[in-house]
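Scroll down for the structure; my scribbles are underneath it.
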There are 2 protein chains.
Amino acid sequence: MTRQRKVILDTMKGVTSHPTADQVYQMVRRRLPHVSLATVYRNLEILSEHGMIQKLELAGAQRRFDGNVESHYHVRCTRCGRTEDLPMEIIPHLDSMVQGISDFDVAGHRLEFMGLCPKCKSENKDIAGPGKTYSPSTQTNE
Amino acid sequence: MTRQRKVILDTMKGVTSHPTADQVYQMVRRRLPHVSLATVYRNLEILSEHGMIQKLELAGAQRRFDGNVESHYHVRCTRCGRTEDLPMEIIPHLDSMVQGISDFDVAGHRLEFMGLCPKCKSENKDIAGPGKTYSPSTQTNE
DNA sequence: TTTCCTGCAAAAGGTTTGCATGAGC
DNA sequence: GCTCATGCAAACCTTTTGCAGGAAA
């Protein structure tokens with residue numbers, strides 16, 4: 001636990017926004033002017049691997065496109081990145097629920113489930129037994 | 001509606017996966033060997049602007065981090081990209097619902113609401129009147 | 001004809017990596 | 001002392017853009 005990592009974690013804990021790596025870098029630099037952007041990236045990665053902060057992403061880092069324009073939900077495999085449509089109705093009352101507790105004009109939502117796909121499930125069994133827990137860092141993205 | 005755009009749209013409609021731009025490029029190239037990646041990017045953008053395909057993203061294109069590791073939901077402004085935490089309980093029975101209709105081992109979900117933040121709401125009023133509809137392409141991302 | 005689109009190549013981000021030095025334990 | 005982390009710079013990958021020629025309407 002180096003000085004840099006401590007300051008980065010501290011910065012993240014002291015802020016309710018959802019900064020990009022570069023924004024974190026700018027904030028950290030006010031306390032450690034010589035920190036490098038690479039260090040910030042490396043530590044954000046490490047901290048999120050250890051569950052001390054969260055990385056926000058949908059369908060992995062790279063942009064993905066969907067030919068189905070109807071509102072629908074997805075499941076994504078946390079191990080291999082495979083994403084599938086879910087055959088379920090959208091839940092319309094969620095939007096009105098949020099309308100009451102936030103000052104945004106809510107116009108819709110996205111919902112993505114995470115889990116293990118059948119293939120990764122069985123591979124997991126072979127390698128580490130059925131009890132293995134989800135590790136986002138081992139994700140291979142299809 | 002050029003030949004290229006037609007093939008790109010057709011490719012997207014013929015596939016249930018959620019390809020990246022590069023994967024679309026590879027598929028389109030089988031029918032139009034001389035298509036360029038830039039054309040694919042441009043058309044995916046245009047097609048999603050016109051609501052003919054969907055762009056999947058959470059919190060915009062750039063990666064974002066969150067110091068709050070407890071499960072919680074977000075609202076994101078579709079105009080400026082500002083993202084806020086929502087003061088609401090997570091809905092645990094969603095996961096078991098999906099467990100029944102998919103062959104994934106579901107371990108959790110992410111839910112993000114989209115809408116206009118108060119600031120963009122009032123700016124919208126000034127510029128285009130209250131009726132203006134959401135245009136993802138005008139997003140400035142904070 | 002006028003407009004918009006394409007392909008190519010270069011540029012522009014954002015993120016990751018190699019390497020030698022330096023801090024943590 | 002050994003390991004792991006840092007800073008710097010270069011590499012990498014994805015996405016965007018400028019431009020001249022070409023297709024669409």
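These numbers come from a predicted model, not from an experiment. Just so it is clear: chains get the letters A, B, ... in the order the sequence lines come, proteins before strands, and each one is counted from 1.
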Protein-nucleotide distance ([X], atom [atom1]; [N], atom [atom2]), rounded to Å:
| X | N | atom1 | atom2 | value |
| --- | --- | --- | --- | --- |
| B:R3 | C:dC5 | CZ | P | 17 Å |
| B:K6 | D:dA25 | NZ | P | 7 Å |
| B:K55 | D:dT16 | NZ | C1' | 11 Å |
| A:Y25 | C:dT16 | OH | C1' | 16 Å |
| B:Q26 | D:dT14 | CD | P | 11 Å |
| A:H34 | D:dG7 | NE2 | C1' | 11 Å |
| A:N43 | C:dG24 | CG | P | 13 Å |
| A:Y41 | D:dA11 | OH | C1' | 15 Å |

Phosphate contact ([N] OP1 or OP2) by [X] side-chain N/O below 4.0 Å:
| X | N | result |
| --- | --- | --- |
| B:Q4 | D:dA23 | no |
| A:R5 | D:dA5 | yes |
| A:T2 | C:dA23 | no |

Across the strands shown, which category fits A:R42 at heavy-atom distances under 4.0 angstrom: base, sugar-phosphate, nothing?
->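 Result for A:R42 = base.
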So, do B:H93 and B:I91 sit near enough that their side-chain heavy atoms are less than 4.5 Å apart?
->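 A side-chain contact exists here, since the closest heavy-atom pair is under 4.5 Å.
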Taking side chain as C-beta onward, heavy atoms only, is A:L47 less than 4.5 Å from A:M12?
-> no
Any side-chain to backbone donor/acceptor pair from [X] onto [Y]? Under 3.5 Å, distance only.
| X | Y | result |
| --- | --- | --- |
| A:Q26 | A:A21 | no |
| B:S102 | B:Q99 | no |
| A:E45 | A:R42 | no |

The side chain of A:S36 lies closest to which of these nucleotides: D:dT15, C:dG7, D:dG7?
->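 Side chain of A:S36 sits closest to D:dG7.
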Please tell me which of B:A38 and A:I46 maps to the more 5' nucleotide of DNA chain D, matching each residue to the nucleotide holding its nearest heavy atom.
->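 That would be A:I46.
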